[in-house]
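What follows is a single structure, written as C-alpha cells, with notes after it.
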2 protein chains.
Amino acid sequence: MAIHKKEEFTQKEQDLAAFAKALAHPARIAILKLLAQKNECICGQIVDELPLSQSTVSQHLKELKIAGLIDGSIDGPRSCYCINWKAFEKFMGEFSFLFNKMKLQNEKACC
Amino acid sequence: MAIHKKEEFTQKEQDLAAFAKALAHPARIAILKLLAQKNECICGQIVDELPLSQSTVSQHLKELKIAGLIDGSIDGPRSCYCINWKAFEKFMGEFSFLFNKMKLQNEKACC
DNA sequence: ATCTTATATCGCAAATATACGATAAACGAT
DNA sequence: ATCGTTTATCGTATATTTGCGATATAAGAT
C-alpha cells in the first residue's frame with residue numbers, strides 16, 4: 001500500500017473490519033470450531049488437528065488472541081485457550097444490528 | 001506464502017472465511033453502510049463519500065461483488081449497487097449458528 | 001543438571017491486499 | 001462524430017499476510 005487510509009474511517013468501521021479480519025482465514029475458523037467442540041478450554045492438541053505446522057498454528061492463535069476473540073493462559077510447556085464470549089457477542093451483535101437495520105430500511109431490490 | 005494451505009480446510013470453513021474477508025476492510029464496511037442508508041440502490045455517488053480514489057473504490061466494489069455481498073448492474077456511465085440480502089442472511093445465519101452452538105456447548109471459562 | 005515436551009518467537013520467502021495514476025470503455029448529449 | 005461523464009481495468013509500488021524451519025523458552029520428569 002502506498003498510503004495508509006484505514007485511519008480515515010470511523011473507529012467503529014475499523015473495529016468491525018478488524019473483527020472480520022480475525023475470522024478471515026479458514027484455519028482461524030477451524031480453531032474456533034475446535035475450541036467449541038470440547039466442552040472446556042483446550043490445553044494443547046490444537047496443532048495436531050490442523051494441516052499446518054506448529055509455528056503457523058501458533059501464529060494464528062496469536063492473531064485470534066490479539067483480536068480479543070480468544071483467551072489463553074500459558075504456563076510453561078502447556079497452553080490453554082478458550083473463546084472470549086464477551087468479545088464475540090459484542091461484535092456479532094454489532095454486525096447483526098448493522099444488518100438488521102439495513103434490512104429494515106431497505107427491502108426493495110433494483111439491480 | 002510458500003505453499004497454499006487453504007484448500008486443506010472444509011468448504012464451509014473456506015466459505016465463512018471468504019465472507020469474513022470481504023468484510024475485513026473499513027472501506028467495505030463503509031460501502032455497505034452507505035448502501036443501507038439510502039432507501040434504494042445507489043447509482044453513483046459512492047466514490048464521493050469515501051476518502052479513497054475512484055479506482056480504489058471500484059476495486060473494493062468489485063471484491064464485494066465477487067464475494068456475492070452486493071449486486072450491481074452497470075449500464076455505461078452509470079452503475080447501480082445494492083446489497084445482496086440473501087447472501088448476507090446466509091452467512092450471518094451460519095455464523096450465528098456456529099457461535100450460538102458454541103455458546104450452548106461451552107459456558108464455563110477456564111483461562 | 002540434563003532431557004523431554006509443548007509452545008512461542010525469529011527470520012525469511014512467497015502470496016495477497018491495498019492504493020493510486022493512467023488509461024480504456026460505455027453511453028448520453030451536442 | 002466528438003465531447004464529457006462515470007466507472008472499470010491495467011500497471012505498478014508498497015504493505016501485510018501466510019507459512020515454514022530453526023531456535024528460544026518454560027516447566028515437568030529423570
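To find a chain, count down the sequence lines: A is the first, B the second, and so on, and within it residues start at 1.
- Distances shown here put a side-chain N or O of B:H60 below 4.0 Å from the OP1 or OP2 atom of C:dA19.
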(request) Applying side-chain contact (heavy atoms from CB on, under 4.5 Å), run through A:K65 and A:Y81 and close with a yes or a no. (result) CA-CA 9 Å; A:K65 201 173 175 186; A:Y81 284 109; 4.3 Å; yes
(request) Go through the steps to decide whether B:F95 and A:F95 satisfy the test side-chain contact (heavy atoms from CB on, under 4.5 Å), and finish with yes or no. (result) CA-CA 11 Å; B:F95 266 119; A:F95 265 119; over 6 Å; no
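- Comparing A:A27 and A:Q54 by the nucleotide of DNA chain D whose heavy atom lies nearest to each, the residue mapping closer to the 5' end is A:A27.
- Distance CD1 (B:I42) to C1' (D:dT7): 15 Å, rounded to an integer number of Å.
- B:E63 contributes no side-chain N or O that forms a donor-acceptor pair with the base of C:dA17 under 3.5 Å.
- Following rounding to the nearest Å, B:I66 (CD1) and D:dA8 (C1') show an atom-to-atom distance of 12 Å.
- Nucleotide C:dT18 holds its C1' atom 15 Å from the CD atom of A:Q14, rounded to whole Å.
- For the atom pair CD1 of B:I83 and NZ of B:K33, the computed distance is 12.0 Å after rounding to the nearest 0.5 Å.
- Here D:dT18 is the nucleotide among C:dA22, C:dG21, D:dT18 with the atom lying nearest to any side-chain atom of A:R28.
- Counting to the nearest Å, the P atom of C:dA6 and the CG atom of A:L61 are 16 Å from each other.
- Within the 4.5 Å cutoff, side-chain heavy atoms of B:L32 are placed close to those of B:F88.
- Applying the 3.5 Å distance criterion, the base of D:dA8 shares no donor-acceptor pair with the side chain of B:Q59.
- The distance from atom CG of B:L52 to atom P of D:dT7 is 15 Å, rounded to the nearest whole Å.
- Checked against C:dA19, C:dA22, C:dA8, the side chain of B:S55 finds its nearest nucleotide in C:dA22.
- The B:T56 side chain lies nearest to C:dC20 when the options are C:dT7, D:dA8, C:dC20.
- Distances from the side chain of A:Y81 to the nucleotides D:dC20, C:dT18, C:dA8 place C:dA8 closest.
- The residue among A:P51 and B:V57 whose nearest nucleotide of DNA chain D is located toward the 5' end is B:V57.
- In the set D:dA8, D:dG21, C:dT9, D:dG21 carries the atom at the smallest distance from any side-chain atom of A:S53.
- With rounding to whole Å, A:L50 atom CG is found 14 Å from D:dT18 atom P.
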Can you give the donor-acceptor pairs under 3.5 Å from side chains of residues 50-57 of chain B to other protein atoms, not counting sequence neighbours?
residue	atom	partner	partner atom	Å
B:S53	OG	B:S55	OG	3.3
B:S53	OG	B:T56	N	3.3
B:S53	OG	B:T56	OG1	3.0

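- Atom NZ in A:K62 sits about 17 Å away from atom P in D:dA24, given to the nearest Å.
- In this structure, CD1 on B:I46 lies 7.0 Å from CG on B:L34, to the nearest 0.5 angstrom.
- Distance A:H25 NE2 to D:dT16 P: 18 Å, rounded to the nearest Å.
- The listed nucleotides are D:dT9, D:dT17, C:dA17; the one nearest the side chain of B:K21 is C:dA17.
- In this structure, A:H25 and A:H60 have tilted ring planes: the angle between them lies in the 30° to 60° band.
- Judged by distance alone, with hydrogens and angles left aside, the side-chain atoms of A:E63 form no donor-acceptor pair with the main-chain N or O of A:A22 at under 3.5 Å.
- Between its two ends, the helix from C:dA1-D:dT30 to C:dT30-D:dA1 turns its axis by 10°, counting five pairs per end and rounding to 10 degrees.
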